[in-house]
Amino acid sequence: MALKLPIYMDNAATTPCDPRVVEAMLPYFTEMFGNAGSRNHSYGWAAETAADTARGQVAKLLGCTDKEVLFTSGATESNNLAIKGVAYMYQKAPAGQSGRGHIVTCTIEHKAVLDPCKRLQKEGFDVTFIEPPADGVVTAEMVKAAMRADTILVTIMWANNELGTINQVREIGALCKERGVIFHTDATQWVGKMPTNVEQDNVDLLSLSAHKLFGPKGVGALYVRRHRPRVRLQALQEGGGQERGFRSGTHNITGIVGLGKACEIAMAEMERDALRLAKLKSKLEAGVLAQLDSCVVNGNAEKRLPHISNISFGFVEGEGLMMAVKDIACSSGSACTSASLEPSYVLKGIGVGDELAHSSLRLSLGKWTTEAEVDFAIEQVVQGVKKLRVMSPLYDMHKEGIDLSSVQWAHH
Ligand SMILES: Cc1ncc(COP(=O)(O)O)c(C=O)c1O
């Protein structure tokens with residue numbers, strides 16, 4: 001069967017909606033369109049029942065109780081609510097003063113964690129940004145070294161969105177528990193792909209987003225622990241008092257139904273999917289590395305999600321690389337800022353040089369990625385890189401065994 005081009009290998013950015021999810025959502029646009037806050041008629045009751053069902057489906061995937069799940073607009077909002085909500089509730093000094101409390105995070109977190117932390121820093125909180133080692137994995141030891149007597153929150157992602165690397169969440173959680181510090185994890189890339197149990201994994205707050213697990217965009221959830229300890233949050237958004245006052249605003253029922261259904265499907269299928277995707281990813285990486293020298297797979301080789309692969313290609317130029325693989329929808333190691341291309345701060349954060357960061361690709365597989373697509377991707381990448389290297393004098397010198405770091409370049 002002919003492949004539909006470009007093939008989609010950017011599932012870490014977003015996933016297509018599962019048709020079963022769309023089917024579950026449809027009646028809530030038209031027949032059952034009620035507001036879950038309408039207590040006086042069956043339209044409202046149907047919406048409330050739908051939200052309750054979805055809450056149960058999310059809770060089951062996380063191993064928590066229904067009451068511990070808050071619906072949000074996605075992981076960005078969940079992260080903001082968790083981080084600022086804890087900071088304002090547990091602060092040690094009022095606004096306007098310094099010494100309000102200490103927060104531990106990491107330099108390669110998603111912006112939806114980094115920016116709230118930086119905001120709090122400006123407001124008088126102290127923040128330690130752990131610099132991860134070259135394999136990208138944050139360990140409990142690193143968190144322990146960063147903690148202080150006045151630490152109120154540790155926020156470390158479960159799995160990194162660019163590298164797919166998996167942090168020592170359970171051990172970090174245990175450390176936080178021991179010290180009486182609240183532990184939040186941005187599990188956007190992890191949940192629905194890998195087994196999660198907030199009890200066993202010692203997590204107090206967890207962010208997730210439906211559109212990364214074959215659900216709709218614009219809806220997510222925040223898990224908030226209610227026992228041992230009962231985590232309190234200051235609401236960031238005020239209004240109608242929905243979600244027990246933590247998140248006012250009319251429920252996005254269609255989205256919530258979609259999130260619930262996506263969680264139910266993930267619960268049933270993630271183990272099988274993960275095994276299949278791990279094989280495909282291995283094939284992809286082995287296929288590329290067997291045919292090309294001077295490439296590196298970024299991040300820890302074992303502690304990595306089954307579906308994300310981030311590869312740097314030496315001796316090619318970033319924009320040329322993206323052109324060469326235009327039939328693969330994937331991400332590059334460059335981020336578009338207002339005027340220029342910046343190398344990915346995540347790759348820089350694990351010590352990858354600017355040049356190599358620009359000539360990197362993140363290929364992320366999904367539920368419907370086929371072996372034929374992986375074969376096509378291998379061929380495209382290998383041919384593309386080879387073609388670019390034919391034009392590279394540096395690659396020629398490298399092939400001749402010249403140590404490029406020792407070359408004295410003439411400056412004009
Ligand atoms: C790790 C991580 N955190 C947060 C987000 C933001 O999620 P959302 O799009 O639901 O706001 C993303 C998605 O890009 C992500 O990968």
Side-chain angles (χ1 to χ4, degrees), residues 8-17 21 58 61 69-85 105-119 129-130 132 136-138 155-167 169 172 184-194 196 203 205-223 236-237 247 249 252 254-256 258-260 262-263 266 298-299 303-310 329-333 335-336 344-347 349-350 362-366:
Y8 190 71
M9 289 209 174
D10 209 8
N11 287 274
T14 196
T15 57
C17 233
V21 168
V58 178
L61 187 61
V69 175
L70 298 181
F71 292 119
T72 66
S73 63
T76 300
E77 184 187 343
S78 297
N79 287 342
N80 271 272
L81 179 55
I83 294 167
K84 294 178 190 161
T105 187
C106 168
T107 54
I108 62 169
E109 292 284 318
H110 193 272
K111 292 276 185 196
V113 165
L114 291 177
D115 286 357
C117 286
K118 287 179 187 163
R119 159 83 50 202
F129 296 90
I130 295 173
V137 176
V138 180
T155 172
I156 297 291
M157 70 204 317
W158 206 314
N160 185 275
N161 47 301
E162 287 193 31
L163 305 168
T165 43
I166 299 167
N167 293 326
V169 162
I172 295 170
H184 166 250
T185 187
D186 176 356
T188 309
Q189 296 289 346
W190 172 272
V191 165
K193 311 291 165 60
M194 302 293 279
T196 309
V203 171
L205 293 155
L206 177 149
S207 303
L208 65 92
S209 187
H211 75 99
K212 307 285 184 180
L213 56 135
F214 310 98
K217 292 166 190 49
V219 62
L222 177 65
Y223 156 74
L236 304 180
Q237 186 162 300
R247 203 277 185 175
N252 167 12
T254 45
I256 289 169
L259 168 62
C263 288
N298 293 307
K303 295 183 186 96
R304 217 145 40 91
L305 288 173
H307 62 290
I308 300 182
S309 185
N310 190 313
C330 63
S331 288
S332 77
C336 245
S344 143
Y345 70 90
V346 172
L347 292 175
I350 60 164
R362 179 188 67 182
L363 300 157
S364 47
L365 316 182

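Atoms within a ligand are numbered from 1 in the order they appear, just like the ligands themselves. The structure presented is a predicted model; accordingly, all values stated were derived computationally and were not measured. Just so you know, residue 1 is the first one in the sequence shown, and it goes up from there.
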So, [X] and [Y]: side-chain donor and acceptor under 3.5 Å apart, yes or no?
| X | Y | answer |
| --- | --- | --- |
| Asp10 | Ser331 | yes |
| Glu109 | Thr155 | no |
| Thr72 | Ser78 | yes |

- Message: Here's a test for you: under side-chain contact (heavy atoms from CB on, under 4.5 Å), which of Leu206, Val169, Leu208 qualifies with Thr196?
- Response: Leu206
- Any Ile308 side-chain heavy atom under 4.5 Å of Arg362 side chain: yes
- Message: Any non-hydrogen side-chain atom of Val346 less than 4.5 Å from a side-chain atom of Asn310?
- Response: no
- Query: Just by distance, do the side chain of Ser73 and the backbone of Val219 share a donor-acceptor pair under 3.5 Å?
  - Reply: no
Which of the ligand 1 atoms, numbered from 1, are nearer than 4.0 Å to a heavy atom of [X]:
| X | answer |
| --- | --- |
| Gly74 | 10 (O) |
| Met157 | 1 (C) |
| Thr188 | 1 (C), 2 (C), 3 (N), 4 (C), 12 (C), 15 (C) |

Among protein heavy atoms, which lies nearest [atom], and at what distance?
| atom | answer |
| --- | --- |
| atom 16 (O) of ligand 1 | Gln189 NE2, 2.8 Å |
| atom 10 (O) of ligand 1 | Ser209 OG, 2.5 Å |
| atom 7 (O) of ligand 1 | Ala75 CB, 3.3 Å |
| atom 15 (C) of ligand 1 | His110 CD2, 3.3 Å |
| atom 13 (C) of ligand 1 | Lys212 NZ, 2.7 Å |

- Task: Give a yes or no on whether Lys118 atom NZ has more than 12 heavy-atom contacts from other residues, nucleotides or ligands under 6.0 Å away.
- Result: yes
- Would one find an N or O of Asp186, backbone or side chain, under 3.5 Å from an N or O of ligand 1? yes
- Task: Quick one: look at His211 and ligand 1, take heavy-atom pairs under 4.0 Å, and tell me if it's side chain, backbone, both or neither.
- Result: side chain
- Task: Under 4.0 Å, heavy atoms only, figure out whether ligand 1 is touched by the backbone of Thr76, its side chain, both or neither.
- Result: both
- Query: Among the heavy atoms of Glu77, does any lie under 4.0 Å from an atom of ligand 1?
  - Reply: no
